Structures are given as structure tokens and as C-alpha cells.
Amino acid sequence: EKDNIRDWFQKAGDARETATDGTFGAYKGSNVLAVQVEAFMNFMIGKKIGGQEITPNFNKLMQESLYFSNYFHQTGQGRTSDADFSSQSSLHPLPTGSVFVRYPDHTYDTLPQILSQNGYETGAFHAYEGSFWNRINMYKAMGYDHFYSKKEYAMDESLGWSLGDKSFFRQSLVKMSEEQQPFYSFLITLSSHHPYSLPASVRQLDTGEFKDTIFGNYLESIHYADAALGELVEGMKRDGLWDNTILYVYGDHDNSITEQADYEKFLGKPLTELDMHQIMNQVPLLVHLPDGKAAGIYDQPAGQLDMAPSILHLLGISTKPYYMMGNNLFADGDKFVVLRSGAFTDGKLYYIPSPDNLFENGNCYDLSTKEKTDIEKCRVPHEEAKKRLQISDDLIASDLIPELRSGKDAQQP
Ligand code: GP9
């Protein structure tokens, strides 16, 4: 069994090293600033309401960045902590609960730890209680040099749950300027958290018929978070970080608003099961490279597990020695993305499981027609998806990484 798991990781490591676009190590030694934006979903990127763009700063940044239009969150019950865990460790979150809370003391190959070993100063930034999602313990275990929680920030802009994102970014940049370069900084925003009740003073959108509904308030919160993102970019330019930093911005999970009628009204069309599933599971990913190269829209399927391997690729650090499951966004070849629910896509097929989890009761879609197709076409990838989730669960719950790595006859991935 363990040999099979090692083999699986070895093949995944080989597949990640197939890039022929010259990006491996192209940004060696750059700083990395990753921003995980609260409840930031993909459906309103590039969209307007009452003639006003909802995410004008993100839209502008897209012109000089890589934008992944089929990027999925892969979270489960651990929500924000799951997005964090999958992105940093390139493993799936658990079927129940949060890895941060359940297994903070187990071994993972994490991005901060690997970058630390490669001479980076690493920090996690989040202006909320350090104990929430057990971050204080988990971040130590993940190998961060620093964890800046609420007590390290001046509460000079109180919004929603805590400090407003604008002040959060401003103060985080000051902390970063005190760090030695290259640095890896991971920033988690909070102002666009449910129930999206920002004070009238910071609401800048006319949401029309959505005014004072939770959906309208959500759009307002995202508009504010986007304005904060714009200020972060300006701050990076002002502080001389823009040309030597990879900026990686993505959403953590959906907004918990499941009313289909809201999305239909907003998008102005009826939505199918497939549309709704994509809306609730896609978050945006934007990667700005220090020289602004490779900008464009990338529609290959991608997901949160891909962050650590893709950043390591750009920095010229091989992921072969590590137990990571995600894709390298820059590798050649087809990509396969598995969600925690067992849904998956390879860019051609899209499988949506049924509530009873019986394979045959789920729906298999052909993405070229967006129509349901013969369920049997999804069987082989379904088996692979199940296998991946099982391997990840076993690795986490039984703390297998040290054992796999030190096994007498261990062939390292
Ligand atoms: C709080 C924040 C919220 O620190 O990360 O987490 P969520 O409730 O979205 O999982």
C-alpha cells in the first residue's frame, strides 16, 4: 500500500516537471506575496452593476497578469483554514473538520517551510484572533518565521469582524519592509466575510434591485476588498516591491449565498445545475509576475492545491522530493482537479456527485456541449478522484509523510 502511495507521488512529481515554456526558475530569488481573499468568487469578475465595475482593480490588474478562469476552491468544512491548508501543503482538506484543528502536529511539506529552507523570511498575516482555526499552533508547525495576528495591528479602521482590509494591507506592507528579502508573505483578508454588513460610509456601489439584500451587501463587500487590493498594488509600487515580487491572489471559498435566483438575476440568464456548481466552486486566481510577462486568460482547470508547486516552479525549486498532490500550473499536459465533495473536472468532463454519493446517481457533463453525457464516461476519472482523496486523507490522519520518507526501502518521490 505504501509503495503504491509513493509511486503515485513520484508520478505526480514527474508530471509537474514537464514545463517547456521556460518559466522554471525564471523568477528565482523573487519575493512572493500571496493574498487569500475572503469569499472572493469568480462569477462577478469583469462584471458591472448599474454601469459600475464590481472589481475594477482586479480587472485592471488582469491586463498585466495571468488570470485562471477555471480555478476551483477545494475546501470542505474547514472553510478558510482548508483553503489555506490546501494552498500551502498541496494536499486535500479532510472530509470532516479542519486539518488545522484536528492534526496540527502532523507532518506536511509546506510552502513556508520549503521557502525558509531556501533562504526566505516567511510570515503569515491575518488581523484576527490568533487562536481562530488554531492558526497560532498550525503556523508554527508550518514553519513560518512570523505570525502577525490582530494584536500586532493598530485597530484604526474597524470593519465587519475586525480591521478593514485597506488598513490591514497598509500595516502589513510596513511589517514586510522590515523583513529581509527575499520574503514569502501570506496575507488573509477578512472584510468580505459573511454577513457582509459594511457600514454605509464605505459602500461605493449602487446595487439597484439588490440594495439591502445579502447578495447586494456581498457585492459591496467585494467592491471594498477590491479597492483595498488596488491600494496594496499601489503600496507595493511605492515601496519598490512591484518589480521583484510575485503577486498571487485568489479567493478562499464561496459566499454561502445559495439562492439560485440571485445569481440568475445578477447574470441575467437562467442557470443550469452545471452553471450553479461552477459558480459556487470557482474562485479567481491572478498571478502577477515581476516582469509582467505571460499575461493572459488561462482556461485550463486549476485549483488551490496547485499553489505551492506552481510558486516553487517559478522560483526554480523542484517539488519532486515533496509529498504534494497538486498540478504545476505551468507544466505541459492535461490537468485534473478534484474537489473535496468528489466533484472533478479534466477540462473536458465535469462530474457532479449526488447527495447520496453513489457514483451512478451523480451527473457527468461534457464541457464541449455543457450537456449531460453517459455516466460511464466519468467512471475512470471518478476512480482516480476517489483514490486521490483517500491517499490525502490517509497521509494526513495517519501522519504518513515521515514514514514514507524514511522507509528503509523508500524510493523518494
Ligand atoms: C477568521 C477567518 C474566517 O479568521 O479566517 O474564516 P471562515 O469563517 O471564512 O472559515
Side-chain angles (χ1 to χ4, degrees), residues 34-42 72-89 92-104 110 112 123-142 144 146-153 155 157-169 171-172 175 185-198 214-215 217-222 224-226 228-229 232 248-258 280-285 303-305 307 339-341:
V35 186
Q36 180 174 295
V37 183
E38 177 63 35
F40 193 37
M41 293 168 75
N42 200 41
F72 290 84
H73 76 79
Q74 291 169 292
T75 64
Q77 293 173 348
R79 301 292 279 166
T80 297
S81 70
D82 280 356
D84 185 341
F85 176 75
S86 329
S87 301
Q88 307 293 346
S89 72
H92 286 278
L94 293 168
T96 51
S98 158
V99 181
F100 274 34
V101 176
R102 295 184 61 194
Y103 302 112
T110 70
F125 302 68
H126 182 54
Y128 197 57
E129 309 303 338
S131 55
F132 201 86
W133 283 127
N134 199 27
R135 285 185 174 102
I136 195 151
N137 294 316
M138 190 60 177
Y139 286 164
K140 238 180 256 152
M142 285 167 98
Y144 284 106
H146 316 281
F147 170 31
Y148 303 101
S149 67
K150 186 175 180 181
K151 61 182 172 41
E152 264 85 31
Y153 288 83
M155 284 299 292
E157 186 199 6
S158 187
L159 276 190
W161 277 34
S162 185
L163 181 67
D165 292 345
K166 288 185 181 180
S167 177
F168 168 62
F169 284 147
Q171 295 185 54
S172 300
K175 296 182 196 311
S185 296
F186 178 55
L187 278 63
I188 305 161
T189 76
L190 193 51
S191 298
S192 45
H193 197 284
H194 193 273
Y196 317 114
S197 44
L198 292 187
I214 189 154
F215 192 85
N217 293 348
Y218 169 69
L219 297 179
E220 289 280 12
S221 299
I222 291 299
Y224 166 82
D226 174 79
L229 180 66
L232 173 71
Y248 195 103
V249 182
Y250 65 97
D252 60 356
H253 51 64
D254 65 85
N255 57 10
S256 308
I257 304 173
T258 52
M280 297 310 287
N281 288 284
Q282 289 184 341
V283 291
L285 166 64
Q304 287 167 336
L305 269 74
M307 181 172 99
L339 309 191
R340 183 61 256 187
S341 60

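Each residue takes its place number in the sequence, starting with 1. Model, not experiment: these values are computed from the prediction. Whatever order the structure lists ligands and atoms in, that order sets their numbers, starting from 1.
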**OP:** Please answer whether the main-chain N or O of S162 pairs with a side-chain N or O of E157 as donor and acceptor at a distance below 3.5 Å.
**Re:** no
Original post:
Does K150 make a cation-pi contact with F168 (under 6.0 Å, within 45 degrees of the axis)?
Top reply: no
Original post:
Within the distance-only criterion (no hydrogens, no angle test), does the side chain of T189 pair as donor or acceptor with the backbone N or O of E38 below 3.5 angstrom?
Top reply: yes
**OP:** Could you tell me which non-hydrogen atom of Q77 sits nearest to which non-hydrogen atom of D82, and how far apart they are?
**Re:** N-OD2, 3.6 Å
**OP:** Give the atoms of ligand 1, by number and element, whose distance to some non-hydrogen atom of Y128 is under 4.0 Å.
**Re:** 1 (C), 4 (O)
Subject >> Passing candidate, ring pair (Phe, Tyr, Trp, His ring centres under 6.0 Å) with F132, options F100, W161, Y139 >> reply: W161
Original post:
Of the options F147, Y148, W133, which is the one that meets H126 in a side-chain contact (heavy atoms from CB on, under 4.5 Å)?
Top reply: F147
**OP:** Report the nearest protein non-hydrogen atom to atom 2 (C) of ligand 1: residue, atom name, distance rounded to 0.1 Å.
**Re:** L190 CD1, 3.7 Å
Original post:
Got the closest protein heavy atom to atom 9 (O) of ligand 1, with its distance?
Top reply: T80 OG1, 2.6 Å
Original post:
Where's the contact between H194 and ligand 1, heavy-atom distance under 4.0 Å: side chain, backbone, both or neither?
Top reply: neither
Subject >> Sub-4.0 Å atoms of ligand 1 with respect to non-hydrogen atoms of W133 >> reply: 6 (O), 7 (P), 10 (O)
**OP:** Below 4.0 angstrom from a heavy atom of R79, which ligand 1 atoms are there? Numbered from 1 as shown, please.
**Re:** 10 (O)
Original post:
Would you call the rings of Y218 and F215 parallel, tilted or perpendicular if under 30° counts as parallel and over 60° as perpendicular?
Top reply: tilted
**OP:** Measure the distances from the heavy atoms of I188 to every atom of ligand 1 and state whether one is below 4.0 angstrom.
**Re:** no
Subject >> Shortest protein heavy-atom distance from atom 8 (O) of ligand 1, along with the residue and atom involved >> reply: H193 NE2, 2.9 Å
Original post:
Can you find an N/O atom of S81 closer than 3.5 Å to an N/O atom of ligand 1?
Top reply: no
Subject >> M280 to N255 - nearest heavy-atom pair and separation >> reply: CE-OD1, 4.0 Å
Subject >> Closest protein heavy atom to atom 5 (O) of ligand 1, given as residue, atom name and distance to 0.1 Å >> reply: R135 NH2, 2.7 Å
Subject >> Sub-4.0 Å heavy-atom contact, H253 with ligand 1 >> reply: yes
**OP:** Pull out every atom of ligand 1 sitting under 4.0 Å from any heavy atom of E38, numbered as shown with elements.
**Re:** 9 (O)
